[in-house]
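For reference, the structure is listed below as structure tokens.
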Amino acid sequence: MPSHVIPTVQLGAGFIGQMHSLAMSRAAHSRRDVSVRPELMALADRDLELATEVADRYGWRRTTADWEEIVEPDGRLFVNAGPNDMHLAPTVAAAQAGLDVFCEKPLATTADEAHRLWQQVAATGVNHRCAFLHRFIPALQLARRIIRDGEIGTVLHFRSQFLLDMLGDGPLTWRFDRGLAGAGAVGDLGSHHIDVARFLVGEVTHVQASSRTWSADPTGAITDVNDDYFACVASLDQGATAVFEASRIAAAHSLTGRIEVDGTKGSISFDMERLNEIVVRKPQLGTTMRLATQAGDPGAGFELPVGIQGAHPIGWSDCFALQAYDVLALASGAIAESPGATFEDGYRVAEIVESIERSAASGERQAVGFRS
Ligand SMILES: NC(=O)c1ccc[n+]([C@@H]2O[C@H](COP(=O)([O-])OP(=O)(O)OC[C@H]3O[C@@H](n4cnc5c(N)ncnc54)[C@H](O)[C@@H]3O)[C@@H](O)[C@H]2O)c1
């Protein structure tokens, strides 16, 4: 099988920039369908000391504090792991230079900005993916397959909770600043599960929401702190109801993510802390736990073929390796379709996030309008 070498550049060496660096360095070994080899060409971060340390750890060849220096036509893939307000300009510049683009979520700080980002990138013809990681959790891919195969009948309800404890002792980070981040819990956490609802069931059409903010910046530097918590009752386009809840100030929750889908013939539930499993409930048949890593399942054959090590469980960082493999395989030209979210998905989620914010501010139910 020919090995596709993909010269890759990345903006951001922070938390998720380090995860993508790790994922890129593992991607070549994660699956065997297409042979991909990322060449870690250049890493940009305005904190050059951090960039250098991360580059040494993961093997990036060159570092710079200036992202414009890594947007070069000899690159094939641009990874944007910068903060939300750094998604638009660098990603458009990279696409216009002919690089495929893979950008962190939320796609932008506002729906307007996300729409511009999608439109300007789509006009260049490059591949674009938004990093809604949950699409690469094999158990959720299995849930999608079960739902599409009609095993749980017509879906009536989607329900999700995403809880994190993001409060440290020091000053608030950029995520709490509406100007830099956009929405808070809705954009940062809710966007993931809104995309999961769309991935598993259908598009969000109406929202009725409430949100609250408790956090305040002890330094006074951030004056417009975004939401810490939201809850939303929504409608999906195929007739199901959806409930989303997220908090970033839920003490001691490090990555609590619960997703449930109820249909006319059965129900599915998923818990982020049991990453390889989905629980399927059926009337009369009772409750079954299904692993997503058996032969033929979405998680089978990760790194090692099933049969040597058996169907081994995989972890959170493994899902990032699967996601990295996906954008590299797309950049190789060997595949044209993938489960990953496109920038259109990223834009649509941004529009839903803003509708939730409008509903929370007004107290009124909002219809979600999408631009083409
Ligand atoms: N998919 C996920 O599960 C997930 C998880 C965490 C974060 N994220 C997303 O990843 C993005 C980054 O989040 P993070 O947690 O890594 O933040 P972070 O603050 O840890 O890292 C951001 C990095 O960008 C650098 N930076 C900021 N402005 C820059 C500029 N103008 N030029 C060059 N470098 C610049 C900073 O120095 C920092 O190192 C956000 O969009 C966030 O929502 C996604």
Side-chain angles (χ1 to χ4, degrees), residues 83-85 87-88 103-119 130 132 134 157-164 166 172 174-199 201-217 222-250 259 341-372:
N84 304 352
D85 68 322
H87 290 178
L88 177 63
C103 182
E104 261 306 336
K105 50 50 66 180
L107 189 56
T109 58
T110 63
D112 270 352
E113 213 179 77
H115 186 256
R116 254 185 294 148
L117 179 43
W118 167 40
Q119 291 294 306
C130 181
F132 284 120
H134 287 62
H157 313 305
F158 175 93
R159 196 173 308 108
S160 86
Q161 268 184 336
F162 200 158
L163 309 175
L164 280 183
M166 296 172 91
L172 298 181
W174 60 265
R175 285 171 204 286
F176 291 73
D177 186 331
R178 165 162 293 285
L180 296 177
V186 189
D188 202 10
L189 310 181
S191 63
H192 272 299
H193 279 186
I194 290 166
D195 185 64
V196 171
R198 300 175 65 254
F199 185 58
V201 186
E203 189 55 275
V204 178
T205 60
H206 293 81
V207 295
Q208 169 84 60
S210 147
S211 69
R212 268 189 74 177
T213 302
W214 287 263
S215 301
D217 189 7
I222 302 177
T223 51
D224 195 3
V225 177
N226 52 22
D227 54 288
D228 287 323
Y229 171 87
F230 87 101
C232 171
V233 179
S235 305
L236 304 183
D237 60 357
Q238 49 60 275
T241 61
V243 174
F244 304 101
E245 183 189 26
S247 172
R248 64 181 178 191
I249 55 164
I259 290 166
T342 64
F343 279 14
E344 179 174 6
D345 292 307
Y347 154 68
R348 283 176 165 255
V349 172
E351 201 70 80
I352 297 161
V353 164
E354 264 188 23
S355 301
I356 289 174
E357 288 190 288
R358 272 198 299 277
S359 171
S362 67
E364 286 172 9
R365 187 168 191 255
Q366 298 279 315
V368 184
F370 297 109
R371 287 163 263 183
S372 51

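Small disclaimer: the values here were computed from a predicted structure and weren't measured.
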Exercise for review: Report yes if the side chains of Pro83 and Leu180 come closer than 4.5 Å at any heavy-atom pair, otherwise no.
Suggested key: no
Review point. Under 4.5 Å between any side-chain heavy atoms of Gln208 and Ile356, yes or no?
Key: no
Check your understanding: Within the distance-only criterion (no hydrogens, no angle test), does the side chain of Asp228 pair as donor or acceptor with the backbone N or O of Ser215 below 3.5 angstrom?
Key -> yes
Revision key, fill the gap. Here the pair of heavy atoms bringing Ser359 nearest to Val207 is OG-O, 3.7 Å
Exercise for review: Take Gln161 and Ile259 through the test side-chain contact (heavy atoms from CB on, under 4.5 Å) and record every step on the way to the result.
Suggested key: CA-CA 7 Å; Gln161 268 184 336; Ile259 290 166; over 6 Å; no
Exercise for review: Could you tell me whether the side chain of His87 and the main chain of Pro106 form a donor-acceptor pair under 3.5 Å?
Suggested key: yes
Point to revise | Heavy-atom pair of closest approach, residues Val201 and Ala240 | key: CG1-CB, 4.3 Å
Point to revise | Reported CD-to-OG1 distance for the pair Gln366 and Thr205, which is rounded to 0.5 angstrom | key: 12.5 Å
Review point. Between Val225 and Thr213, which heavy-atom pair has the shortest distance, and what is it?
Key: CG1-CG2, 3.8 Å
Point to revise | Check: Glu113 side chain, Ala108 main-chain N or O, donor-acceptor pair, under 3.5 Å | key: no
Point to revise | Minimal non-hydrogen separation, Ser247 against Leu189, with atom names | key: O-CD1, 3.4 Å
Practice item. Indicate yes or no: at least one non-hydrogen side-chain atom of Val233 is less than 4.5 angstrom from one of Arg365. Key: no
Review point. Relative to the ring of Phe370, is the ring of Tyr347 parallel (under 30°), tilted (30 to 60°) or perpendicular (over 60°)?
Key: perpendicular
Revision key, fill the gap. Heavy-atom nearest pair, Gly184 first then Arg248, reads CA-NH1, 3.6 Å
**Study point:** Under the side-chain hydrogen bond (donor to acceptor under 3.5 Å, both in side chains) test, residues paired with Asp177 that sit two or more places apart
**Key:** none
**Study point:** Side-chain heavy-atom pair Ile352, Arg198 within 4.5 angstrom cut-off
**Key:** yes
Study note, to complete from the structure: Output for pair (Glu245 CD, Phe230 CZ), nearest 0.5 Å, gives 8.5 Å
Check your understanding: Would you say Thr241 and Phe158 make side-chain contact, with heavy atoms under 4.5 Å?
Key -> no
**Study point:** Heavy-atom check, side chain of Val349 versus side chain of Leu107, under 4.5 Å
**Key:** no
Review point. Are any of the side-chain heavy atoms of Phe244 and Phe162 separated by less than 4.5 Å?
Key: no
Check your understanding: Just how far is it from atom CZ of Arg348 to atom CZ of Arg371, taken to the nearest 0.5 Å?
Key -> 11.5 Å
Practice item. Evaluate the side-chain proximity of Glu354 to Thr110: yes if any heavy-atom separation is below 4.5 Å, no if none is. Key: yes
Practice item. Output yes when a side-chain donor or acceptor of Asn84 lies under 3.5 Å from a complementary backbone atom of Thr109, and no otherwise. Key: no
Practice item. Might you point out which heavy atoms bring Leu236 and Gly202 nearest each other, and give the distance in Å? Key: CD2-O, 3.9 Å
Exercise for review: Please assess His193 against His134 for the test side-chain contact (heavy atoms from CB on, under 4.5 Å), listing each intermediate value before the final yes or no.
Suggested key: CA-CA 8 Å; His193 279 186; His134 287 62; 3.7 Å; yes
Practice item. Look at the side chain of Ser210 and the backbone N and O of Ala231, then say whether any donor-acceptor pair between them is shorter than 3.5 Å. Key: no
